[in-house]
Amino acid sequence: MKRFSDYSLSTYLRCPRKFYYKYIEKVKIEKKSLSISMIFGNIIHNACKDLYILKIEDRTIDNLQKIFRQYWKKSPIRKLFNNLEEERQMGLRGLVMLENFYKSFGTKTPFQIEGYVEYKIGEYVLFGRIDRIDSEEDGSLSIVDYKTGSYNEESDELERELKTVQIRLYAVLLYGNHRIVNNGSFYYYHDNFFDMIEFTEEKIKYDTSFFHEVITDIQFNRDFIIQPSFHCKFCDFFDICQKSDVKMEYLENPTKKFDENF
Ligand code: SF4
C-alpha cells in the first residue's frame, strides 16, 4: 500500500525533482528555525480550532481573542521580534484577522475541524487533514482551508491548477467517502476573502482520474526532471539541485521502494 497526501502530490506536480529528493532519496535537510509567520499561523489556527471546544453561548469574539492571547503568551513568537512595537503590530493584525473570522464563521458550528480523511484509489490511499468542513442546509458539505497570508490572484491557469490541488483532493476524499461536496474555499483571514471553487459530481470524478494518473506517472517516472519556477527560492533542496547532474541514484536503482506515508 502506498499513501499520497495533497502535499506530496502538489510537490510532484510543482517539481518532480523536489518530490524525488523529499520522498524517494529522502534527503535530510537541516531543521528550519521557526519563523514569525509560521508560529503566527499556528496561533491563529489553534485559536480558531479551540473556539469550538467552548459551549455555543461562550463562543464570543472576546473569548476567541482571549484564546489567541493565551497561545501568544505561551509561544516562542515574542522572542523573535526586534522590539515591542513590531510585536504590537503583529498582535493587532492577529486580532483583526480573528474579527474577520468571527464575522464569517463564529456562530456557525462546523461539521468537522482538522479532520483526517482518506480514500483508497486503485491500490493507493489518498489522504489529507482538512482545516474545516461545514454542512449546508441541504446536507452537502463545504470545504475550507484557512490562509494567514494575503490573497494573490494566480498569474495563469497552470498556477491556478497547482494551487487548487489541495482543495480538489479534499473534494475527492470526501466524495470517495460518499459525501456530496458543493464547494471548497481558501479563506484568507486578513482579507476576509473566500477564494471559492464550485464542484459538480463530474468535476470530482474528473479530478479522481487525474490524481490516479499522477500517481501512475510517479510510479513509472525514471527521470524526475527539474521544473524550475519562482518556487525554487523557497525550495529546501535548492543547493543540492544546483549541484546535481541528471543521473541520480534512482536511475541506478529504480526498484527502490517509495516512502509508505508520503
Ligand atoms: S530548486 Fe527548483 S528545480 Fe530544483 S528541486 Fe527545488 S523546486 Fe525543483
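No experiment lies behind these values; they were computed from the predicted model shown.
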Tell me, please, whether [Y] has [X] positioned over its six-membered ring: NZ or CZ under 6.0 Å from the ring centre and within 45 degrees of its axis?
X	Y	answer
Lys203	Phe199	no
Lys163	Phe186	yes
Arg17	Phe237	no

Would you name the heavy atoms of Leu95 and Gln65 that are closest together and state the gap between them?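 Minimum heavy-atom separation between Leu95 and Gln65: O-NE2, 3.3 Å.
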Short N-O contact, [X] and [Y], less than 4.0 angstrom:
X	Y	answer
Arg168	Glu161	yes
Lys205	Asp207	no
Arg3	Glu118	yes
Arg160	Asp195	yes

Atom OH of Tyr206 with >12 non-hydrogen neighbours under 6.0 angstrom: no
Is it the case that atom CD in Gln242 sees more than 12 heavy atoms from other parts of the structure closer than 6.0 Å? yes
Checking Glu114 against Lys49 for the salt bridge (charged side-chain N to carboxylate O under 4.0 Å, His left out) test, could you report, in this order, the C-alpha distance in whole Å, the side-chain angles of both residues, the deciding distance, and whether it holds? CA-CA 8 Å; Glu114 292 189 17; Lys49 186 176 164 195; 3.6 Å; yes
Does the side chain to side chain donor-acceptor pair (under 3.5 Å) test come out yes or no for Tyr189 and Arg93, once each step is laid out? CA-CA 10 Å; Tyr189 289 97; Arg93 182 179 167 90; over 6 Å; no
According to the interplanar angle, ranging from 0 to 90°, do the rings of [X] and [Y] count as parallel (below 30°), tilted (30 to 60°) or perpendicular (above 60°)?
X	Y	result
Phe194	Tyr187	tilted
Tyr151	Phe193	tilted
Phe101	Tyr52	perpendicular

I'd like to know if the side chain of His45 reaches the main chain of Gly41, judged simply by a donor and an acceptor atom lying under 3.5 Å from each other, with no hydrogens or angles considered. yes
Out of Ile143, Ile167, Asn183, which one pairs with Ile197 under the side chain to side chain contact (heavy atoms under 4.5 Å, CB included) rule?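 Looking at Ile143, Ile167, Asn183, the match for Ile197 under the side chain to side chain contact (heavy atoms under 4.5 Å, CB included) is Ile167.
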Take Asp138 and Ser140, measure what side chain to side chain donor-acceptor pair (under 3.5 Å) needs, and give me the verdict at the end. CA-CA 6 Å; Asp138 62 1; Ser140 66; 2.7 Å; yes
